[in-house]
Amino acid sequence: SRYIGTNNGTMATKHATMATRFISTKLTRTSEKARFPGTDSNFTDELQFINPMELPSIPIYRVVDTHGNVKSQEAVDLPDNLLLEMYKKMFMLSVMDKILLQSQRQGRISFYMTCSGEEAAVIGSAAALLPADTVFTQYREVGVFMWRGFSLNDIMHQCFSTHKDNCPCSLPYQEGALGGGAAE
């Protein structure tokens, strides 16, 4: 087989070298450039429409730099109690994702997709909307439901398909539009 012997060792060396290169070029605490696989983009604190054909790479918009300093003029000063509530929901969502992913892999539930790494985008977007605003959700946006008042029990009843699930849909969080605030 072509994966046995020296070729296997060569492949392992190649992958180790690639990993070392990636780790050594990762974003450092003093870097103003992000280095992700496949790109070498600058950060920007200006939110604007651009023509991607005019730039070698699309800049990455950020509000906070790698040191935690606010960089953008568009940054909003939010009250501490709102920030704390957003943080609690993001943390709860992260923990719930881990539990439900393991439940899905063990065959206890049939379907679940995590929103790992997207917690702030989901919770932050939901918090910015008015309670009467309609939201068209996707699989990885269960945080919107949490923000709108769904309890962990509501979410678990839906994922585990119990008789207490009040959702008329067939897949978790695929009812389409979520409007009018908390679960009805």
Side-chain angles (χ1 to χ4, degrees), residues 27 34 36 39 41 43-50 52 58-66 68-184:
L27 177 65
F36 302 110
T39 188
S41 295
F43 288 115
T44 182
D45 56 5
E46 294 179 37
L47 192 56
Q48 60 185 350
F49 289 99
I50 62 167
I58 297 173
I60 299 169
Y61 175 72
R62 68 177 180 181
V63 175
V64 179
D65 69 11
T66 54
N69 302 313
V70 176
K71 300 291 281 185
S72 174
Q73 298 299 326
E74 283 100 20
V76 179
D77 189 22
L78 299 173
D80 288 347
N81 62 337
L82 177 61
L83 292 172
L84 184 59
E85 185 62 25
M86 292 169 72
Y87 180 77
K88 286 178 181 178
K89 296 285 188 201
M90 287 187 287
F91 185 78
M92 185 177 5
L93 180 56
S94 177
V95 172
M96 185 190 73
D97 269 355
K98 288 176 180 68
I99 292 168
L100 288 174
L101 179 62
Q102 288 304 314
S103 297
Q104 187 267 329
R105 289 189 174 168
Q106 294 168 6
R108 297 175 189 270
I109 59 176
S110 62
F111 183 82
Y112 190 76
M113 293 180 75
T114 67
C115 70
S116 299
E118 301 173 10
E119 297 90 348
V122 173
I123 298 294
S125 298
L129 297 172
L130 297 173
D133 289 340
T134 299
V135 180
F136 293 92
T137 58
Q138 282 290 343
Y139 298 116
R140 300 178 190 276
E141 294 168 349
V142 67
V144 174
F145 289 81
M146 294 173 87
W147 189 259
R148 293 274 177 110
F150 279 67
S151 69
L152 287 176
N153 282 336
D154 294 333
I155 295 167
M156 295 303 152
H157 286 304
Q158 187 176 27
C159 288
F160 283 89
S161 301
T162 72
H163 69 283
K164 293 183 180 180
D165 175 18
N166 294 321
C167 180
C169 57
S170 59
L171 292 175
Y173 312 108
Q174 284 301 284
E175 55 196 285
L178 175 66
E184 301 178 26

Let's go through Y112 and V142 carefully: what are the C-alpha distance in whole Å and the side-chain angles of both, what is the deciding distance for side chain to side chain contact (heavy atoms under 4.5 Å, CB included) to 0.1 Å, and is it a yes or a no? CA-CA 10 Å; Y112 190 76; V142 67; 3.9 Å; yes
Nearest-0.5 Å distance, [atom1] of residue [X] to [atom2] of residue [Y]:
X: M86; Y: N81; atom1: CE; atom2: CG; value: 11.5 Å
X: R148; Y: L129; atom1: CZ; atom2: CG; value: 6.0 Å
X: M92; Y: M90; atom1: CE; atom2: CE; value: 11.5 Å

Taking OH in Y87 as the centre, count heavy atoms belonging to other residues, nucleotides or ligands within less than 6.0 Å. Is the count above 12?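 Check fails, neighbour count at 12 or below.
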Got a sec: does the CG of N69 have more than 12 other heavy atoms crowding it under 6.0 Å? yes
Closest approach of [X] to [Y] (non-hydrogen atoms, all atoms of both residues):
X: E119; Y: L93; result: CG-CD2, 4.1 Å
X: I109; Y: C159; result: CG2-O, 3.3 Å
X: M96; Y: I155; result: SD-CG2, 3.7 Å
X: V122; Y: R140; result: CG2-O, 3.8 Å
X: I123; Y: K89; result: CD1-CB, 3.8 Å

Hey, is the main chain of [Y] close enough, under 3.5 Å, to the side chain of [X] for a donor-acceptor pair?
X: D165; Y: T162; answer: no
X: Q158; Y: M156; answer: no
X: E141; Y: Q138; answer: yes
X: S125; Y: A121; answer: yes

Passes side chain to side chain contact (heavy atoms under 4.5 Å, CB included), I58 versus S41? Steps please. CA-CA 6 Å; I58 297 173; S41 295; 5.6 Å; no
Min side-chain heavy-atom separation [X]-[Y] under 4.5 Å:
X: D97; Y: E118; value: no
X: E85; Y: W147; value: yes
X: L101; Y: K98; value: no

Test side chain to side chain contact (heavy atoms under 4.5 Å, CB included) on K164 and D154; report intermediate values, then the result. CA-CA 8 Å; K164 293 183 180 180; D154 294 333; over 6 Å; no
Apply side chain to side chain contact (heavy atoms under 4.5 Å, CB included) to residues L100 and F160 and explain how you reach the verdict. CA-CA 10 Å; L100 288 174; F160 283 89; 3.9 Å; yes
